[in-house]
Every structure is written in structure tokens, then in C-alpha cells.
Amino acid sequence: MSSPITVIAELEAKPEFTAECRAALSPLIAATLQEPGCLRYQLHQSLESPHGWMLYEEWESESALLAHQQQPHFLAFVASSQGWFASTSVRRYQLA
């Protein structure tokens, strides 16, 4: 059995897209929490920037994470948010 995968996704919206980004994250989170293999999917607001968020994700396995990335709600978020971000960073971790 593989160990769980943790994902840290940092999103910095362009100021003019902050409201759209925040609004689009709510349905993404709600749908993702219903997915098989999703152990945690939490949105955190940056204390330094009103345009910054961090998604903390825990997945049962690599295959659960890959399945998430093919879900209609994930693909819709990616498609609709093109051009919204000044920067993004996605890092994956597992227990050492």
C-alpha cells in the first residue's frame, strides 16, 4: 500500500481577478471533498496578501490524486481560471 500524498498548492491571484478566483474555489472544494480518496482539501487565506491562497490537500494515493485531476470540476476550474493568477506553485509530498 502506498503512503498518502500531500499537495500544497499556492495561488496568487492578479488583483483584478481576486473575487472571481475566490468564488470559483468554493464549488471546487465542495466537489473535491466528495471524491473517493480525498482525505483533506482545505483552503487557507494568506495573512500577507489579500490575493493569496494555499490549498492543503491529502490524498489516499497517487492514483486518487491523478483521478482528481481528471474530474470535470477540476478541469472546469483550470479552464475558467486561465489568466487569473500572477503566480502558482504546486508541490507534492509523502511521508519520509
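Everything numeric here is computed off the predicted structure, so don't read it as measured data.
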Please give me the minimum heavy-atom distance between [X] and [Y], naming the atom from each residue.
X	Y	value
F74	L28	CA-CD1, 3.9 Å
L75	Q70	CD1-O, 3.5 Å
G83	K14	O-NZ, 3.1 Å

Inset, instruction - Kindly indicate, with the supporting measurements, whether the criterion side-chain hydrogen bond (donor to acceptor under 3.5 Å, both in side chains) is fulfilled by S26 and R22. - result: CA-CA 7 Å; S26 292; R22 180 61 185 98; 3.0 Å; yes
Could you measure the distance from the [atom1] atom of [X] to the [atom2] atom of [Y]? Nearest 0.5 Å is fine.
X	Y	atom1	atom2	result
E60	I5	CD	CD1	11.0 Å
T32	R40	OG1	CZ	15.0 Å
I29	L43	CD1	CG	4.0 Å
E16	T18	CD	OG1	8.0 Å

Heavy-atom side-chain contact between [X] and [Y] under 4.5 Å:
X	Y	value
W59	E35	yes
Q42	E57	no
Q94	S3	yes
H44	Y56	yes
W53	C21	yes

Quick check on the hydrophobic clustering: are [X] and [Y] connected, directly or via other members, by side-chain heavy-atom contacts under 4.5 Å?
X	Y	result
M54	F17	no
I8	V90	no
V7	L11	yes
L65	L39	no

Legend entry - Side chains of Q82 and W84, donor plus acceptor under 3.5 Å: no
Inset, instruction - Report the residue from S46, S87, S49 that forms a side-chain hydrogen bond (donor to acceptor under 3.5 Å, both in side chains) with E12. - result: S49
Inset, instruction - Would you check if the distance from the ring center of H68 to the ring center of Y41 is below 6.0 Å? - result: yes
